[in-house]
Amino acid sequence: MTQLLDRTEISRAIEILESGGTVIFPTETVYGLGARIDDPKAIEKIFAAKGRPQDNPLIVHIGSISQVDDLAFDIPEVARKLMQAFWPGPLTLGLKKTDFVSDQVSAGLATVGIRMPSHPVAREILRSGLFIAAPSANPSGSPSPTREDHVKEMIGKVDAIVLAGECSVGLESTFLDLTSDPPRILRPGAVSYEDLLPYIPDVVIYRGTDKSASPGTRYRHYAPNTPVFLIKGRLPLFEVFMQQHPEGIFFVPDELWQDQPNQIRFLPEGSLEEASRQLYDDLRRVDGKADAIYIPVLEEIGIGRALMDRLIRAAQGNIINLEDEYENLYRK
Ligand code: TXA
Ligand code: MG
């Protein structure tokens, strides 16, 4: 049986975690499915509930910087600076793991991802001092949950769910691997490349699919069942394309949005933050409702990089370039 808890029942959530149960709780990025890292049976329940491959490592969540030294060693100076600057917040640091982090949690890697979330509910849970492994609380392969109705789909699969509204960021944390030289961003998030540059001038964005570097990148991620196409090109061309494909569902920038049944308002008032917050809910809502979903390509700056990363995955690389498609449109 799954207990449904609210923000006033955090002590119950902590009890369940302490005794080896699984609890879904909100973080500022997405809801996480947590269990204590020092209980192999509890960790096994995470993999079972998500249908997650055993070779995909888990991020460890902590409530205080002092816990880092139990999890990691050989910690570079820049890591301490980043913790000061960005924790609590949506930045996960990849460091060399100690023996306290089991192979089950790290999926056999010599490294561990560590993060200190800022959501008040997550903080209250982690104030217990527990070390909590928490992947996004979705079945493996579907979009991460950012709202209460998303996590309710996990009723029956976990011991408890703390229902506490919407996640403010809406995209998973930035994963920064500090064990490589130069350090590399394995997953872009709300702590952006531009935010990290002053601390790590040579930081790179990893685009490969090397298994040992980033186990998660091998799996089909964030992809709805309905095919998604990214649309590249100027707004007037987007408008023409939209008129020619009335059977599709369109994510529409504010300039063109008209409150039609096949239009999702994307980028309200041009805000990439708002688009990020809504993305996974939008993808869930439109999935299965049309033959295709069309989404405009966005500017890759700040959180726009994270947004584009998730969109490219959702589209599995499908991009339609309208500048090519309509090459002759304005020449006639
Ligand atoms: O925002 C987040 O990070 C959320 C919330 C709940 O904290 N958690 C999350 O966890 O997104 P998960 O498991 O859904 O995604 C973690 C990603 C996976 O792709 C995994 O392969 C990768 O991070 N990862 C975890 N540990 C790693 C490590 N030591 N080295 C490289 N990649 C790692
Ligand atoms: Mg995930």
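One-based numbering, in listed order, for ligands and for the atoms of each.
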Exercise for the section: Run the salt-bridge test on Glu15 and Arg12 with the 4.0 Å N-O cut-off and return the result as yes or no. Expected result: yes
Exercise for the section: Check ligand 1 against Ser136 and write out every atom of the ligand that is under 4.0 Å from a heavy-atom position of the residue. Expected result: 8 (N), 9 (C), 10 (O), 12 (P), 14 (O)
Exercise for the section: Verify the distance test for Ser140 against the Mg ion (ligand 2): any N/O/S atom under 2.8 Å, yes or no. Expected result: no
Practice task
Measure centre to centre between the rings of Tyr199 and Phe86, then say whether the value is under 6.0 Å.
Solution key: yes
Problem - Where ligand 1 meets Leu109 - atom numbers and elements under 4.0 angstrom, heavy-atom basis - result: 28 (C), 29 (N), 30 (N)
Problem - Polar proximity ligand 1 side, Glu172 side, N/O cut 3.5 Å exclusive - result: no
Handout entry: Asp309 with Arg305: basic N within carboxylate O range, under 4.0 Å
Key = no
Handout entry: Atoms in ligand 1 with a heavy atom of Asn56 nearer than 4.0 Å
Key = 18 (C), 20 (C), 21 (O)
Exercise for the section: Would you please indicate if the ring centroids of Tyr294 and His245 are separated by under 6.0 Å? Expected result: yes
Problem - Numbering as shown, the atoms of ligand 1 that approach Gly32 to under 4.0 Å (heavy-atom distance) - result: 6 (C)
Handout entry: Which segment of Asp177 sits under 4.0 Å of ligand 1 when only heavy atoms are counted
Key = neither
Exercise for the section: Would you check whether His61 has a nitrogen or oxygen atom less than 3.5 angstrom from a nitrogen or oxygen atom of ligand 1? Expected result: yes
Fill in the blank from the handout: Test side chain to side chain contact (heavy atoms under 4.5 Å, CB included), reference Thr174, set Ile185, Thr92, Ile303, output is Ile185
Problem - Per-atom contacts, ligand 1 versus Thr111 - under 4.0 Å to a heavy atom - result: 28 (C), 29 (N), 30 (N)
Problem - Any N/O pair Arg187/ligand 1 closer than 3.5 Å - result: yes
Practice task
Determine, step by step, whether Leu256 and Phe250 satisfy the side-chain contact (heavy atoms from CB on, under 4.5 Å) criterion, reporting the C-alpha distance in whole Å, the side-chain angles of both residues, the deciding distance to 0.1 Å, and the verdict.
Solution key: CA-CA 11 Å; Leu256 297 180; Phe250 282 80; over 6 Å; no
Problem - Contact with ligand 1 for Ala134, non-hydrogen, under 4.0 angstrom - result: yes
Completion exercise
So the ring pair (Phe, Tyr, Trp, His ring centres under 6.0 Å) pairs with at least one residue in residues 92-130 (sequence neighbours excluded) are Phe100-Phe131
Practice task
Kindly give the cluster partners of Ile16, where membership spreads through any ILVMFWY side chain lying under 4.5 Å from a current member.
Solution key: Leu5, Ile10, Ile14, Leu17, Val23, Phe25, Val121, Ile125, Leu126, Leu130, Ile132, Val162
Handout entry: Thr29 and ligand 1 - part of the residue with a heavy-atom distance under 4.0 Å
Key = side chain
Handout entry: Presence of salt bridge, Lys152 and Asp149, under 4.0 angstrom
Key = no
Handout entry: Short N or O distance, Lys50 and ligand 1, threshold 3.5 Å exclusive
Key = no
Exercise for the section: State if Lys97 counts as touching ligand 1 under the rule of any non-hydrogen atom under 4.0 Å. Expected result: no
Handout entry: Contacting atoms of ligand 1, where contact means under 4.0 angstrom from a heavy atom of Ser173
Key = 1 (O), 2 (C), 3 (O)
Exercise for the section: Please say which of Asn318, Ile295, Asn321, Leu298 ends up in a side chain to side chain contact (heavy atoms under 4.5 Å, CB included) with Leu230. Expected result: Ile295
